[in-house]
Visitor: 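Dropping the structure in here first, questions after.
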There are 4 protein chains.
Amino acid sequence: MTEMVRAAVQTGPRQIEMREFPRPTVGPDDGLLRVEANGICGSDVEIYRGHMGMNPNPFIPGHEPMGIIEEIGERAAERWGVQVGDRVALEVIVPCRSCEDCLMGRYQACRFRKYGHGVTGIDVDPSLWGGFAEYLYLSPNTVMHKISRDLPVEVAAMYNPLGAGVRWAVDLGEAGLGDTVVVLGAGQRGIAAVIAAKSVGASNVIITGLERDAHKLALAREFGADHTVVVDGDGGTDIVDAVAEITGGRMADLALDLTPMAAGPVTDALKSVRHGGRVVLAGLKGHRDIPVATDLIVNRALTVKGAFGVDAAANKKAIELLESGRFPFERLHTHTFGLDDVGLAIETLAGETDDQSALHVSVHPAA
Amino acid sequence: MTEMVRAAVQTGPRQIEMREFPRPTVGPDDGLLRVEANGICGSDVEIYRGHMGMNPNPFIPGHEPMGIIEEIGERAAERWGVQVGDRVALEVIVPCRSCEDCLMGRYQACRFRKYGHGVTGIDVDPSLWGGFAEYLYLSPNTVMHKISRDLPVEVAAMYNPLGAGVRWAVDLGEAGLGDTVVVLGAGQRGIAAVIAAKSVGASNVIITGLERDAHKLALAREFGADHTVVVDGDGGTDIVDAVAEITGGRMADLALDLTPMAAGPVTDALKSVRHGGRVVLAGLKGHRDIPVATDLIVNRALTVKGAFGVDAAANKKAIELLESGRFPFERLHTHTFGLDDVGLAIETLAGETDDQSALHVSVHPAA
Amino acid sequence: MTEMVRAAVQTGPRQIEMREFPRPTVGPDDGLLRVEANGICGSDVEIYRGHMGMNPNPFIPGHEPMGIIEEIGERAAERWGVQVGDRVALEVIVPCRSCEDCLMGRYQACRFRKYGHGVTGIDVDPSLWGGFAEYLYLSPNTVMHKISRDLPVEVAAMYNPLGAGVRWAVDLGEAGLGDTVVVLGAGQRGIAAVIAAKSVGASNVIITGLERDAHKLALAREFGADHTVVVDGDGGTDIVDAVAEITGGRMADLALDLTPMAAGPVTDALKSVRHGGRVVLAGLKGHRDIPVATDLIVNRALTVKGAFGVDAAANKKAIELLESGRFPFERLHTHTFGLDDVGLAIETLAGETDDQSALHVSVHPAA
Amino acid sequence: MTEMVRAAVQTGPRQIEMREFPRPTVGPDDGLLRVEANGICGSDVEIYRGHMGMNPNPFIPGHEPMGIIEEIGERAAERWGVQVGDRVALEVIVPCRSCEDCLMGRYQACRFRKYGHGVTGIDVDPSLWGGFAEYLYLSPNTVMHKISRDLPVEVAAMYNPLGAGVRWAVDLGEAGLGDTVVVLGAGQRGIAAVIAAKSVGASNVIITGLERDAHKLALAREFGADHTVVVDGDGGTDIVDAVAEITGGRMADLALDLTPMAAGPVTDALKSVRHGGRVVLAGLKGHRDIPVATDLIVNRALTVKGAFGVDAAANKKAIELLESGRFPFERLHTHTFGLDDVGLAIETLAGETDDQSALHVSVHPAA
């Protein structure tokens, strides 16, 4: 049995160092996860850069951990319905499970939560809260979902972005049979939204990207996107014009803004949908006020929803979709890194390196 | 039988003149309404000032007409379920009733509608489309609702603002038992939103106004508002702070922005609601881009809905509420004008005269 | 131009005779359809047998007509958005389009409707209301949907059963991504429910049939059914046991009873779903009281919905699905008959002939 | 400090005896409630008679306990947001709080729950699970709601029946502004349903009862019922006829069957509502198959929902309603008993004694 556990610790903006921590002792209500992989998303980039109200204490990042149950307490095994050797995927939020919000299924709004995988400091026992580590501590309130060991680890590690696609396009956006859906932004979550929308029968899915996203847009087509629109550069197309042309002026039923920081896509989304249409906002804009044509919301009787995180229902549907093999998910994966290269992994996803091809990037501690 | 019908015709911004039109002949599918009253709302002011893409042709304004069926064709009587002598309230939109939107109950989105009460020009036969007239033409596709003749005419004329309160606070905002509801703006529709929210059991209704709205806020309390907040002047209170204090930090379930032109209330509404809360936008901002803290929508998982018009379901509920006598509706009415004073009526609602007390103002052609 | 129109007229139970009617004159608000095909469903069988409160007057049956616009009035063309040569599919109900139910999108509940395609008598001008005729009269309130001329006529004629599958499984049953769905009954609507459920991502669809339905169950698998269960005969399986086994005791999210006359499937459906599950009832039981374990509805917190007809939203989605080519729809079609063989067509669907293979049967007047 | 706790223990059908148990020791995660009152409902009667799959071991009944926090662990106090001296109302279900159903807010469906207040045996430490006792053990997963100490104890003890009224009429039945609602059964939950429906603006509430319920129907009128209908005896009225007459043939929007054991009210409820109407079933029928006119569900496009228990959202709204003082709740209370008279209390509610006036009956251990 390993006595010490290696982990990547973030100590400041762009400062990550390897440390070792004692392997936690497991009691009846908790457990230990052997991390197989931890996917990287845009908020990892923001955290890495120090933009997201980062924990003042050193902490182990990595909030999309999945792996194998290494040890588990008796009561924990019963509550979670898992045993040693099962593969599970974790949620970032560790809710209190007791307040009224938790009781009514709104645990994402829990105001009493103290821990989060990938955000809690190493000063909080037993330190191993994040996914960029060989082992991760399963606290009594951790939320986990079983996922088949038959999936390649890279595919299993996509549960979180695909869960976001499901929650944003389907659960919040109510994409459905025959719908026209516009996805603004061609990152991994954009393509996940395409997958989710097509999986519930949307007939006409349009995704936008930049000139440099050509290969991502091509991949989106492999996953079922019906139209791709390049919105910048000399040949760039106005997305609202494009939607008008594609739909014969009827406009879309649903538009999702998944672009980080850009202001224009919010109003583009509003303009892309029909009277009574839906808009889902998931792209954060750096706590700025964004100019928005709010009269459109009124005059077109629109519904705009904010997409905060992924809940258990969406994660469960995403995992079933991954297990179904209905899409060539492995095509989404572009980069695998080891535990010593967490910084490089994040920079690669961020497009800070020469390699601009990153879509799904994950860290595999045993690699 | 009157041979000619007197009507107020708007020929340009702030230009209204009295004209006479031949009384229309009624066939089997249409009818004629003797107008008892026509309420005035903020969009009448905008139309009067020429700001709302006014009809290039002269037209008879007045889009909240109610009155008595004077004549009715045989097929029309059967379809509408009314007869001569019945009192009815009209909707502004005259939908095509045939397109898919109409078929599915979304007639407010009908793209094929040609007429509207109070917006169609006098060049379209038989000219008498608006409510500021002795008689109004009931076209085959006019939408109408029966309303009791037992109500005072001033109260019956409130169907439209009360319908807006019902649609915005209850149908769109989903105000319900035990909810905390914030209403931004103390005009007739603000108070109507208070009435609607209280009528479905909201336990904590907060309404904002300006210093000069003191009597309106006092009236809001008579209709059940639990808290009133003055947001301007030396003693002005920040509404977000007020909501935080009133709710012990829990914030509201629902906030409605009913303020015309002001930018701040949109973000105030977003900040006033809890994680997972709802915001309804009804205040038009002059086709401007408004600075909005969209990250709040994302991070608090908010739902924002645009409030476009009033539909049949809301009008029906409003009429039942008026007929129930559950509230002292007559207290809302402040001014009655005759047909010769349409301009003055609109200016009074707009606060352009010395009299700043206007809430519900209506024109009674027979007065 | 044809002067007379041939049509099959039902004059009594199992009595159908060919007659000729003058071709109607088309005015500005109506039109004429050249019938390409008219599908047959279980209620045609009941009407044929005289069980469904049949019209006391002779009438032209056929309530799933589709074909080509032969003539159309100017106003009708604009309202419906169609022109001569377009292919359209009709709904049976011809609503009043004026009452509150119609206004709010509930035209299936219209209490003022006077006509219906396939149910109105020949005594009502211009007689040609039903689909078993060379031409059909398009009345001003007829509800129609455009459908591509590129589809084989047999496939286009499936809009109605597929619309039922969409409405019952998806719109009412809320089948969704990852759901387990049980379909009781392997007729054309059972298979249509399978198609609809799979098209929105249901992961586990179970359909039941009788021993004699072996080929229908095999076909259901071609359309995506994950499990087929034979419920009668020596090797018959209890469907509730089967669902328990397939789901590991979790039971289904949704069950649909599409069986005509049989009492048992109602309680089977209730027993097949989980706590909080949904049940859709579409099978009519001959106006009898059926023994039902209502305590299950209470103790499992079930939602049970009645499936009455198909509305415009479902028809539209079904037509898009047909046009998408996502499924091998032509495999559903089993029999085509000419206008002189309407009785035989109905008897074939009913299984009254030696041929027990009927699934989708249609009458093609030009065949 | 009391060393021993007195409690009423049910040892078999109609067998209740007083016993003493050691006062539990409270740790960081649990607590102790000083029971002020415990209301009695119809299922207490069934449990008392031994009809409801009674616990094979002796147990302390009483599943509507409310009282004062006597002791509380540090972590429990934080999680529940309560402290010593607070008044709280408990839910019967003690869910696992960990399974997917719990996570998604469906804890009423939790399949892993082990305890329940009023149903767990005295063989499970620390025995004091039920409300008919001086003190009750607050287990770590107990669900509780704060309730004002300003309310009379009899009124505070009504949280459960009023919560049922809210959940059944409002949350499940979607009673709303202007609705016509039929309540079948005039017990405490029937009147609670009247209160709930009126509190959200239902304009027309009709409640049925038997001849012997005359005083209960009179009380229902005090709480806002618009019509009362006696359905038995010589002057008994058919409820379906009554609804037709009251609504001018339009029928009700919602009907609730709250009658225990009776078969007829299920179909009465189906017949009382309009096309597209809602029916809520809460009356258990003794695990029998009940004859039901299921064709009505299909042909009228009805939605039927089973009402299982009361959840946190409904309890919270009920408590706010009690605290609001909007209704004369104290008028509902008819009988108070001490701990030594639990059997008599239950028999009184059941109408087994000469006194037929019981509506709200509660046991007050300190009385």
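All values below were derived from every heavy atom in this structure, side-chain atoms included, with hydrogens, water molecules and symmetry-related copies excluded. Letters A, B, ... mirror the listed sequences (proteins, then strands); counts begin at 1.
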Visitor: Test of understanding: with salt bridge (Lys or Arg N to Asp or Glu O under 4.0 Å), list the residues that count as partners of C:Asp268, not counting sequence neighbours.
Guide: none
Visitor: Counting heavy-atom pairs under 4.5 Å with chain C, which one of D:Arg111, D:Arg288, D:Arg300 comes out on top?
Guide: D:Arg111
Visitor: Determine, step by step, whether D:Thr294 and C:Leu284 satisfy the side-chain contact (heavy atoms from CB on, under 4.5 Å) criterion, reporting the C-alpha distance in whole Å, the side-chain angles of both residues, the deciding distance to 0.1 Å, and the verdict.
Guide: CA-CA 8 Å; D:Thr294 57; C:Leu284 290 170; over 6 Å; no
Visitor: Measuring heavy-atom distances to chain D, does C:Ala307 have an atom under 4.5 Å in its side chain, in its backbone, in both, or in neither?
Guide: backbone
Visitor: Please determine, among C:Ile297, C:Val279, C:Val266, the option with the most heavy-atom pairs under 4.5 Å with chain D.
Guide: C:Ile297
Visitor: State whether C:Asp101 and D:Arg274 are salt-bridged, where the test is any N-O pair (Lys NZ or Arg NE/NH1/NH2 against Asp/Glu carboxylate O) under 4.0 Å.
Guide: no
Visitor: Does a sphere of radius 6.0 Å around NZ in D:Lys285 hold more than 12 heavy atoms from other residues, nucleotides or ligands, not counting ones at 6.0 Å or beyond?
Guide: yes
Visitor: Is there a donor-acceptor pair closer than 3.5 Å between any side-chain N or O of D:Asp295 and the backbone N or O of C:Gly286?
Guide: yes
Visitor: Flag the one option from D:Leu281, D:Ile290, D:Thr303 with the top tally of heavy-atom pairs under 4.5 Å to chain C.
Guide: D:Ile290
Visitor: What part of C:Ala282 is in contact with chain D, defined as an atom under 4.5 angstrom from a non-hydrogen atom: side chain, backbone, both or neither?
Guide: backbone
Visitor: Closest approach of C:Pro291 and D:Asp289, non-hydrogen atoms and distance?
Guide: CB-CB, 3.9 Å
Visitor: Report the distance from atom CZ of D:Arg278 to atom NZ of C:Lys305, rounding to the nearest 0.5 Å.
Guide: 12.0 Å
